[in-house]
Structures are given as C-alpha cells and as structure tokens.
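Below you'll find the structure, written out as structure tokens, and then a few comments.
If you read the sequence from its start, that first residue is 1, and numbering goes on from there.
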Amino acid sequence: MIDLSEGERGDFIGQAVAAKNISFRETASGGSFEWHQDPVPRFVLTLSGTLEFETKSGATFTLRPGDVLLAQDNSGSGHKWRLIGSEPWRRAYVVYDETADLRFIPATA
C-alpha cells in the first residue's frame with residue numbers, strides 16, 4: 001500500500017519520490033514469464049490486464065489494473081507470472097532513486 005496523507009480538496013496525497021526513468025511495456029494475452037529477478041528496484045504500475053504472480057516462497061497474488069507493485073526482487077530468489085483473462089498486460093516501470101524514502105506500507109493478509 002502507498003502511504004497517503006489527507007490533503008486539499010478531500011484528496012489523499014503521497015510523498016513525491018524521485019524517479020530516474022519511466023518505460024512502458026505490453027505483453028499479449030496468454031503471456032507468461034518463468035522464474036526471474038527484476039533488473040533494478042522499481043514500481044510496476046498495471047494499466048491493463050490481470051496477472052497471477054508467484055514468489056519462490058510459494059506466495060501468490062493477483063495484480064489488476066490500478067495495482068502498484070513495489071518490485072525489489074533484483075537480488076532475491078525470483079518470481080514468475082502469467083496472464084489470466086483476455087486482456088494484454090500493459091504496464092509502466094518507474095525506476096526510483098534507491099536512496100529515496102518510498103513511504104510504502106507492506107500489504108497484510
């Protein structure tokens with residue numbers, strides 16, 4: 001979860017995080033990627049598509065449009081994913097400054 005504070009106009013606002021770059025990628029429906037690590041720590045913003053994600057520990061979860069994944073598995077045990085449904089997976093990768101305070105709160109079950 002992203003740590004948000006109450007702001008003006010009734011909005012909730014997150015602290016700005018310095019970004020090094022942003023890129024976009026699309027995988028056709030039915031796509032998958034076997035065990036791998038992320039090349040660098042980054043945010044993954046799902047724009048379309050539904051994805052089943054699995055870690056080496058056996059944890060699984062689903063990513064849907066609007067979900068933000070904090071991908072820090074660039075030196076860990078790895079993960080894999082597969083698309084479910086008929087939509088392509090469109091996403092934005094936002095590489096952040098590794099010294100930044102991300103203000104990210106781990107999700108609880």
Notebook entry, point to check: Just by distance, do the side chain of Asp11 and the backbone of Ile13 share a donor-acceptor pair under 3.5 Å?
Noted result: no
Only one of Leu69, Leu51, Leu70 passes side chain to side chain contact (heavy atoms under 4.5 Å, CB included) with Val44, and that residue is Leu69
By side chain to side chain contact (heavy atoms under 4.5 Å, CB included), Thr55 pairs with (sequence neighbours left out) Phe53, Ser57, Ala59
Going by chain and number, the hydrophobic cluster around Val40 (ILVMFWY, side chain to side chain under 4.5 Å) further includes Val95
Kindly list each side-chain donor-acceptor pair under 3.5 angstrom involving residues 80-87, sequence neighbours excluded, with atom names and distances?
unit_1 : atom_1 : unit_2 : atom_2 : d
Arg82  : NE     : Glu52  : OE1    : 3.0

ILVMFWY network linking Val17 to Val68, side-chain heavy atoms under 4.5 angstrom: yes
Which side-chain N or O atoms in residues 22-35 pair as donor and acceptor under 3.5 Å with protein atoms at least two apart or in another chain?
unit_1 : atom_1 : unit_2 : atom_2 : d
Glu26  : OE1    : Arg90  : NE     : 2.8
Thr27  : OG1    : Arg91  : NH1    : 2.8
Thr27  : OG1    : Arg91  : NH2    : 3.2

Side chain to side chain contact (heavy atoms under 4.5 Å, CB included) filter on Ala16, not counting sequence neighbours, yields none
Quick check: do Ser5 and Phe12 have side-chain heavy atoms less than 4.5 Å from each other? no
Scanning both residues in full, the closest heavy-atom pair of Val94 with Ala19 reads CG1-CB, 3.8 Å
**Asked** Are the side chains of Arg64 and Thr50 in touch, meaning some heavy atoms are under 4.5 Å apart?
**Response** yes
On a heavy-atom basis, the closest approach of Pro65 and Gly49 is CD-O, 3.2 Å
Inset, instruction - Please tell me if the side chains of Leu102 and Phe43 come closer than 4.5 Å, counting only heavy atoms from C-beta onward. - result: yes
Item to complete: Might you work through the side-chain contact (heavy atoms from CB on, under 4.5 Å) test for Glu54 and Thr60, ending with a clear yes or no?
Response: CA-CA 4 Å; Glu54 182 178 350; Thr60 61; 3.7 Å; yes
Looking only at side-chain N and O atoms, does Trp89 offer a donor or acceptor that is under 3.5 Å from a partner on Thr46? yes
- Message: Let me check something: do Phe61 and Leu47 share a hydrophobic cluster, defined by ILVMFWY side-chain heavy atoms less than 4.5 Å apart, either directly or through other members?
- Response: no
Per side chain to side chain donor-acceptor pair (under 3.5 Å), His79 is matched among Gln37, His36, Lys56 by His36
Sorted by chain and residue number, the salt bridge (charged side-chain N to carboxylate O under 4.0 Å, His left out) partners of Asp67 (sequence neighbours excluded) come out as none
